[in-house]
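Chain letters run A, B, ... following the sequence lines, proteins first, then strands; residues in each count from 1.
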2 protein chains.
Amino acid sequence: MPTLSRRRAPSKGDRREQAILDVAREALQHRSLASLTVDELAGGAGISRSSFYFYFESKSAVLTALLDGLSAELAAENSPWLDGTGPDEPALRAALHHSVELWRTSGGLLRQANAVVGTGNELDRWRSAVVERGVRRLTARIERDRAAGWGVGAPAAASLARMTSALRNATLAEYAGVVPAEQLVDDLVVAMTRLLYGEIPPATV
Amino acid sequence: MPTLSRRRAPSKGDRREQAILDVAREALQHRSLASLTVDELAGGAGISRSSFYFYFESKSAVLTALLDGLSAELAAENSPWLDGTGPDEPALRAALHHSVELWRTSGGLLRQANAVVGTGNELDRWRSAVVERGVRRLTARIERDRAAGWGVGAPAAASLARMTSALRNATLAEYAGVVPAEQLVDDLVVAMTRLLYGEIPPATV
DNA sequence: AAATATTTTCGACGTAGTGTCGATTAAGTG
DNA sequence: CACTTAATCGACACTACGTCGAAAATATTT
């Protein structure tokens with residue numbers, strides 16, 4: 001078998017690290033970080049508890065690693081709409097569709113991030129940085145919209161962005177697992193459009 | 001001094017229980033429940049750790065007791081608007097003003113409730129019951145509005161209520177301590193009105 | 001393939017927190 | 001003042017965290 005890639009095969013350690021991440025992803029989807037013990041994580045990955053610390057500083061570090069991946073996915077999925085202008089419903093719908101799916105499969109994980117709001121710890125700082133980045137991009141979009149004559153000028157762009165982001169995140173967090181996906185997307189499209197543009201877009205009915 | 005009330009004076013135990021609640025309120029305003037120890041709570045109230053368990057089952061029980069009071073306050077403050085009909089801006093503004101104030105003084109405490117979303121534990125069940133009650137009342141209001149010819153029919157009343165509630169709660173949770181109170185009220189009045197009625201209310205400008 | 005370096009593993013230890021028991025002391029009450 | 005109820009506490013057993021240093025497994029030279 002010829003060496004197709006110069007990248008060396010994943011070492012034993014790499015595989016163990018991945019195993020820990022897998023166990024954690026699975027567990028944190030249903031349980032809280034607080035109730036998950038390092039023992040479980042290590043045991044699930046086939047190593048002793050103290051060996052765990054060779055790979056991660058703490059269980060929060062594992063969560064952070066997982067969330068990093070997810071937040072990158074979320075940001076990417078939303079880029080087409082965030083980088084556009086005007087009430088581009090198809091793009092918004094597509095973005096929301098992806099987000100709802102991600103929340104359905106990994107909602108438990110994403111929710112863990114909400115569990116630390118205001119604690120001031122590392123995870124909290126990470127989380128609010130992610131939120132802020134999203135809000136900044138949305139603020140820019142709103143300013144672009146307004147410059148192009150779309151939407152109403154009522155609340156400051158930054159305020160509107162904050163609230164729209166809060167609406168989106170909170171609705172997904174609370175209802176992604178409860179309300180049917182398609183309905184959730186429909187509802188959010190209407191709500192966000194109304195929030196951003198003040199009027200309902202011409203109905204196709 | 002004549003006996004004005006037949007209610008017997010608070011016993012030593014009653015006072016201790018109150019002391020525990022006071023210490024907890026103060027502490028939980030700035031720190032997370034997880035980082036607060038029973039030792040601290042007991043020490044702050046002038047008793048030993050094991051005596052604490054004479055008064056409360058656990059530290060979560062203390063938090064629940066505090067949150068019960070706050071949620072009752074919140075519900076009461078919002079009643080005038082929730083029980084009304086149509087885009088009654090003064091009532092909405094008053095309700096939001098009260099809520100913002102409560103979040104500013106007790107936000108740390110209220111946020112602790114958000115820290116358990118999806119864990120399925122007692123506090124989580126309590127929290128979602130409170131949220132649901134609010135959503136139900138708002139749903140009723142929206143249906144009343146629509147029957148009276150106010151607002152647009154777009155998303156189902158329940159959906160709109162869920163999202164409006166999410167917007168309100170999430171915005172308060174994230175920004176009550178950051179954005180100036182008056183601006184937050186203004187912003188939320190605009191956003192909620194727009195969400196519920198589709199149009200911006202006639203500007204006074 | 002032996003010698004060496006590096007990565008990985010683990011048991012033992014110390015620390016901090018939780019919750020329970022039974023014995024003891026303080027407060028109220030007829 | 002007896003006596004019943006409320007309140008307090010120390011001691012114990014338990015669970016979890018995080019660190020250290022020594023050993024074993026794996027890679028890398030030579």
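C/dA26 atom P lies 20 Å from atom CG of B/Asp14, rounded to whole Å. With rounding to whole Å, B/Ile20 atom CD1 is found 12 Å from D/dT8 atom C1'. Here D/dA24 presents its P atom at 19 Å from CD1 of A/Ile47, a figure rounded to the nearest Å. One can place CZ of B/Phe54 at 16 Å from P of C/dC21, the figure rounded to the nearest angstrom. Rounded to whole Å, atom P of D/dA7 lies 9 Å from atom CD of B/Glu17.
Partners of B/Gln29 under the side-chain hydrogen bond (donor to acceptor under 3.5 Å, both in side chains) rule, at least two apart in sequence or in another chain, do not exist in this structure. Take B/Gln112 and apply the side-chain hydrogen bond (donor to acceptor under 3.5 Å, both in side chains) test, not counting sequence neighbours, and it matches no residue.
Side chains of B/Asp14 and B/Gln18: no donor on one and acceptor on the other come within 3.5 Å. Using a 3.5 Å distance cut-off with no hydrogens or angles, the side chains of B/Arg16 and B/Ser51 do not pair a donor with an acceptor. Between B/Arg137 and B/Ser79, the side chains place a donor N or O and an acceptor N or O closer than 3.5 Å (distance only, hydrogens not considered).
Considering only side-chain N and O atoms, B/Arg16 lies under 4.0 angstrom from the phosphate OP1 or OP2 of D/dT8. At least one side-chain nitrogen or oxygen of B/Ser51 sits closer than 4.0 Å to the OP1 or OP2 atom of D/dC9. One finds no side-chain N or O of A/Ser48 lying less than 4.0 angstrom from the OP1 or OP2 phosphate oxygen of C/dT9.
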Check: protein-nucleotides 16-19 of chain D nitrogen or oxygen pairs below 3.5 Å:
residue : atom : partner : partner atom : Å
D/dC17  : OP1  : A/Val38 : N            : 3.3
D/dC17  : OP1  : A/Lys59 : NZ           : 3.4
D/dC17  : OP2  : A/Val38 : N            : 3.2
D/dC17  : N4   : A/Arg49 : NH2          : 3.4
D/dG18  : OP2  : A/Tyr53 : OH           : 3.0
D/dG18  : N7   : A/Arg49 : NH1          : 2.9
D/dG18  : N7   : A/Arg49 : NH2          : 3.2
D/dG18  : O6   : A/Arg49 : NH2          : 2.5

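The CG atom of A/Leu41 sits 5.0 Å away from the CG atom of A/Leu36 when rounded to the nearest 0.5 Å.
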